[in-house]
Structures are given as C-alpha cells and as structure tokens.
Colleague: 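Got a structure here, written out as structure tokens. Questions coming.
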Amino acid sequence: MAKEITSRAENYSQWYNDIVKKAGLADNSAVRGCMVIKPYGYAIWENMKDQLDRMFKDTGHVNAYFPLFIPKSFLSKEAQHVEGFAKECAVVTHHRLMNDPAGHGVIVDPAAKLEEELIVRPTSETIIWHTYKDWIQSYRDLPLLINQWANVVRWEMRTRPFLRTAEFLWQEGHTAHATAAEAMAEARLIHDVYAEFAEQYMAMPVIKGYKSENERFAGADETFTIEALMQDGKALQAGTSHFLGQNFAKAFDVTFLNDKNESDYVWATSWGVSTRLVGGLIMTHSDDDGLVLPPRLAPIQVVIVPIPKPEPELLEKAEQIAGLLKSMGIRVKIDMDETKRPGFKFAEYEMKGIPVRLGLGKRDLEQNVIEVARRDTKEKMSVSLDRIDSFVQSLLSDIQASLLQKAKDFRTEYTTEVENYDQFKEVIEDKGGFVSCHWDGTTETELKIKEDTKATLRCIPVDAVEEQGKCIYSGKPSNKRVIFAKAY
RNA sequence: CGGGGCAUAGCGCAGUCCGGUUAGCGCACUUGGUUUGGGACCAAGGGGUCGCAGGUUCGAAUCCUGCUGCCCCGACCA
C-alpha cells in the first residue's frame with residue numbers, strides 16, 4: 001500500500017494534508033472549499049461534541065435550533081457585525097430551477113427571484129436576537145442559556161481541511177442576561193469550559209486571553225479567546241467567547257422589565273468552537289508516521305491485532321481481553337481481517353493514531369504475555385495477560401497526560417519574551433512561536449507590527465502579571481505583556 | 001483577486017516536445033493458489049468519452065483557440 005506521508009521538516013502543510021487524507025479523516029469534495037468529513041474524522045468530532053455538550057448542559061445550557069437562512073435585512077441591523085461578515089456571505093437569490101430552453105440541463109428560473117434575498121448564516125446572532133425579542137419580556141425570562149449545534153458558511157478565499165473550510169460544523173451559544181455583570185460572568189465561564197476541554201480532553205494547552213479591539217468579534221464589546229500553538233510555531237485560535245454588551249439587544253430592540261418595573265436592554269454573550277478543533281488536534285500531537293490521538297477523544301482507544309493471523313484460539317483470547325477492557329469503558333477494536341498481514345495493520349493503525357495496540361501473538365500467548373505498543377512514544381512492552389486490563393487502563397491515562405505535558409513543553413520552548421523590536425522580528429522570522437512582549441495598547445501599533453512582520457496580536461493573557469515596560473514598537477509605557485504570533 | 005503548476009483507470013504517474021498500430025506502468029480492485037511475529041508473492045482478470053467545446057489534419061492524449069475545474073504560494077478570516 002505504501003502510504004507514506006510527507007515529513008514535517010520537508011513540507012509542513014503537505015504533511016498536514018497527507019495526514020488528513022491518509023488517516024481517513026476527510027476528503028476534498030466536489031464543492032470548492034468544502035470537505036467531506038469521513039467516518040473516522042467525524043467520530044473524532046462526535047467525541048468532542050459529546051463532551052462539550054455535556055459540559056454545556058452541566059453549566060445550565062440547553063440546545064435549540066435556528067434556521068440556516070437569514071433575511072438579508074437582519075444582517076445589517078448591527079453595524080459592526082455586518083461589516084465583519086459582509087465580505088464572506090453566500091446569498092440565496094432564487095427558489096426554483098427550470099429546464100434550459102437551449103437544452104443544457106437546468107438553469108435558474110428568472111421568474112423565481114426572491115423578494116428578499118436570504119443569507120446562509122455565517123453565524124446566527126441576528127436571527128437569534130430577532131427571535132429572542134419575542135421570548136423575553138421580564139427579568140423572570142432571564143437568563144436565557146441556549147446553544148445550537150449547526151453548520152455555517154463563510155465564503156473563504158483560501159481553505160484548508162478542518163482549519164478553514166467554506167462550510168464548517170460548530171456550536172454557537174447565545175445567552176441573554178439581566179445585567180452586564182452576569183453576562184460577563186457567562187462569557188468567562190464558557191472561556192473556562194473551552195480551556196478545560198482543550199487541555200483535559202484534547203491535551204492541547206491553551207493561553208486564555210482577551211482580544212484587542214482590532215481582533216474582537218464583529219459586534220462584541222469583549223472577546224475571550226483560547227490560543228493554541230501548533231508544531232510549526234503558528235498560533236491557532238481554538239475558541240472564542242464574546243461579551244456582546246447590549247449591542248444586539250439594541251439592534252433588535254430586545255428589552256425586559258426588571259424587578260423595579262423599569263425597562264432595559266438585555267445583556268448578551270455568544271461563544272463557539274468548530275471543526276477547526278480537529279485541525280488543532282492533528283497539528284498538536286501528530287508525527288511523521290501519522291496521526292496521534294489523545295485517548296479521551298480517540299474513536300478507537302485500543303486495537304487488538306492477532307499475530308500472525310486470526311485463528312480461533314487467538315480470537316477467543318482477543319474477545320476475552322476486549323470484553324475486560326470494554327467493561328471498563330474502553331473503546332476496543334479487534335482486527336479480524338485475514339487479508340492483511342500484521343505489519344500492514346501496524347502501519348495502518350499508527351497512521352490512524354490509535355493510542356494503544358495489542359499484538360496478540362501465538363508465541364507470546366504460550367508464555368501468557370501480550371505485546372503492548374503505545375502510539376505516542378512507539379514504545380513496546382511485554383505485559384502479563386493477568387494484569388492487561390489494569391495495565392491498559394493506566395497506560396491510556398499516562399498517554400493522555402504525557403501528550404499534554406509534551407505539548408506544554410513545546411509551548412514553553414516556543415514562547416519567547418522579547419524586549420525590543422529587533423528581537424521581536426528576529427524571533428518571529430527565525431524561531432516562530434508565541435512572542436511575549438510589551439505593547440502600548442493602540443490599534444495603530446498593532447497594525448504596524450502586523451504589516452511589518454505578519455505577526456498578529458493573539459491575545460492579552462487573562463493572567464498577565466502587572467509589570468512596567470516599554471512597547472517594543474513605540475517605546476510608550478505598558479503595564480503587561482501580550483502575545484504576538486503568526487497565526488492560522 | 002494576483003503569481004505558479006496540473007488535468008490520461010479509484011489513487012499516483014509515463015506518453016504530449018517531434019501527430020501514426022489495439023493508450024501504458026505502479027498501487028488498489030476481482031478470482032485462484034502459496035504465504036503469514038513490521039507495509040507478502042505468483043498467476044489470471046475487470047476497469048479509460050485521455051477535463052470540456054471548437055479548429056487544423058487522411059489521422060489528435062499529442063498541434064492551435066477558447067472555456068472549466070483543481071492544487072500550491074500570497075492579500076482576508078474560526
């Protein structure tokens with residue numbers, strides 16, 4: 001089969017594309033900029049989705065579903081918002097096709113033009129706030145804590161599987177609150193949920209921060225972000241949570257009566273993570289042999305390969321081991337395919353990033369042992385069958401922890417504090433990674449740096465320590481460090 | 001939207017410069033057999049409007065014109 005993948009050193013983006021394709025995560029589709037998410041890739045997303053959904057519900061949220069289409073007029077009600085998304089919207093103009101009179105298949109029926117064009121949602125704030133107006137009258141209706149799992153479309157010029165596609169899957173939470181403080185607390189709560197998910201489930205360390213005015217979501221007063229660092233030294237915005245103030249409430253006239261019978265506009269948040277997380281997962285852990293998955297999100301955590309081939313005796317043993325592991329909640333697959341040899345299977349499962357492989361060999365079995373191979377380190381161990389269940393269970397949590405630690409170490413190594421602009425440019429250019437430095441707080445400086453170096457202001461860390469310093473660009477005083485990087 | 005490349009079997013490619021039998025190779029696929037502790041081997045098969053539309057020619061995958069799609073690199077973005 002010879003499914004070799006390009007090495008990271010040779011061509012990082014080709015390496016990424018090879019993994020997506022050869023691990024069976026996604027295919028290019030017939031539609032430009034859109035991908036087909038294949039079952040294995042979708043299974044990873046489902047695991048992410050299931051966990052996030054639990055976390056949202058544990059924090060009091062419920063799911064609902066709003067329409068794919070948004071009347072064009074809605075989008076223009078919030079000035080910042082429309083400005084942010086106008087350039088990348090798909091628009092529905094007609095509702096019918098007809099046979100081409102010239103005989104070339106079908107054409108759009110010119111008589112079926114819509115009176116008001118519909119926008120395919122790039123995000124749902126507008127349609128949701130239009131709806132919330134009817135749902136909210138009193139402070140007793142608040143808070144409204146709703147999430148939806150949906151697809152959205154942003155007509156991107158350049159796309160990459162999972163990282164940036166024209167259509168993507170995500171969740172978007174939209175909440176309404178009686179006070180600014182409560183809405184802000186909600187935005188921060190979700191920010192915490194995202195960070196916990198990234199670290200504890202994806203084993204992807206993130207910097208929690210807030211965005212500069214320039215990088216803020218279109219229509220938000222504050223945007224919280226989790227920023228991850230990929231192996232090529234580029235930053236990935238992995239999730240955002242926005243405090244929307246009263247902007248959408250004012251745009252859509254959503255008011256409520258408080259307990260003093262006074263009318264006020266509602267305070268809002270919105271927050272989302274998308275299938276982009278799958279891209280982040282790939283680029284955080286994988287190596288030149290293929291995908292590496294953290295056990296908590298791996299669709300298959302353990303694969304059992306009979307050696308040299310499936311035989312009744314081996315299968316019986318495999319079923320027995322699989323039964324033990326499954327009873328502990330471990331996701332196990334037994335590979336009974338007789339047409340492929342063990343070596344082929346080993347390579348294949350390494351490509352697919354399955355955390356633990358059990359090589360159930362005839363000769364090993366005679367000695368009551370089994371070969372255990374871990375994907376992340378490639379280490380192989382011979383383990384007694386008597387304690388295989390507990391061994392595998394603790395190995396899975398070791399792998400999960402080890403992946404996180406390794407990613408943290410990488411981030412530490414590629415986070416550089418700089419004190420002046422020359423150092424800044426040198427690090428951005430040669431080393432990459434996060435650059436921690438002083439900034440004068442102005443959009444002007446931020447844009448100049450971006451223009452000069454292609455590095456963007458990723459975030460102002462929430463836990464930044466107070467420290468007097470000078471802006472690397474303007475020399476003006478600054479009281480905390482911020483994070484710059486080249487980003488996806 | 002700029003710059004570069006590519007389009008031939010499911011995938012990867014050769015053939016195109018210099019037109020000429022029946023369009024070929026590797027992988028994959030089907031069947032049979034032999035194998036089997038790190039990507040097995042042998043044999044026999046199936047699979048193609050050579051991206052699309054015109055044109056030149058006795059004859060076009062090959063030459064000419066136009067179109068379309070995709071990939072890579074840049075500017076915009078989760």
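So you know, we letter chains A, B, ... as the sequences are listed, proteins then strands, and number each from 1.
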Colleague: If you measure only the distance, is there a donor-acceptor pair under 3.5 Å linking the side chains of S382(A) and E371(A)?
Modeller: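 Short answer, no.
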Colleague: Could you list by number each residue of residues 288-311 of chain A showing a heavy-atom separation from RNA chain B of less than 4.0 Å, or answer none if no residue does?
Modeller: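 Only I307(A), P308(A), K309(A) qualify.
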Colleague: Expressed as a whole number of angstroms, how long is the span from R154(A):CZ to rC76(B):P?
Modeller: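 The distance from CZ of R154(A) to P of rC76(B) comes to 17 Å, rounded to the nearest Å.
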Colleague: Would K77(A) count as a cation-pi partner of F74(A), with NZ or CZ less than 6.0 Å from the six-membered ring centre and within 45° of the ring normal?
Modeller: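 Yes, K77(A) lies over the aromatic ring of F74(A).
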Colleague: When you measure from the side-chain N and O atoms of N28(A) to the phosphate of rG69(B), is any distance below 4.0 Å, counting only OP1 and OP2?
Modeller: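 The answer is no; no side-chain N or O of N28(A) sits under 4.0 Å from OP1 or OP2.
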Colleague: Less than 3.5 Å between a donor and an acceptor, one on the side chain of E371(A) and one on the base of rG38(B), is that the case here?
Modeller: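 Donor-acceptor pair under 3.5 Å: no.
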Colleague: Show the atom names and distances, to 0.1 Å, of all donor-acceptor pairs under 3.5 Å that link a side chain in residues 78-92 of chain A to residues at least two apart or in another chain.
Modeller:
residue	atom	partner	partner atom	Å
E78(A)	OE1	Q80(A)	N	3.1
E78(A)	OE1	H81(A)	N	2.9
H81(A)	ND1	A218(A)	O	3.0

Colleague: May I ask you to verify whether the side chain of K454(A) and the base of rG74(B) hold a donor-acceptor pair under 3.5 Å?
Modeller: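 For K454(A), whose side chain was compared with the base of rG74(B), there is no donor-acceptor pair (under 3.5 Å).
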Colleague: How far, in whole Å, is rU49(B) from rC42(B) if one measures between their P atoms?
Modeller: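 That atom pair is separated by 30 Å.
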Colleague: Please confirm whether the ring centroid of F484(A) lies under 6.0 Å from the ring centroid of F424(A).
Modeller: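 Yes - the distance between ring centres of F484(A) and F424(A) falls below the 6.0 Å cut-off.
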Colleague: Looking only at side-chain N and O atoms, does W129(A) offer a donor or acceptor that is under 3.5 Å from a partner on T131(A)?
Modeller: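 Per modelled atom types, T131(A) and W129(A) side chains form no pair under 3.5 Å.
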Colleague: How about Q171(A) and Q148(A): do any of their side-chain heavy atoms sit closer than 4.5 Å?
Modeller: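 No; the side chains remain at least 4.5 Å from each other.
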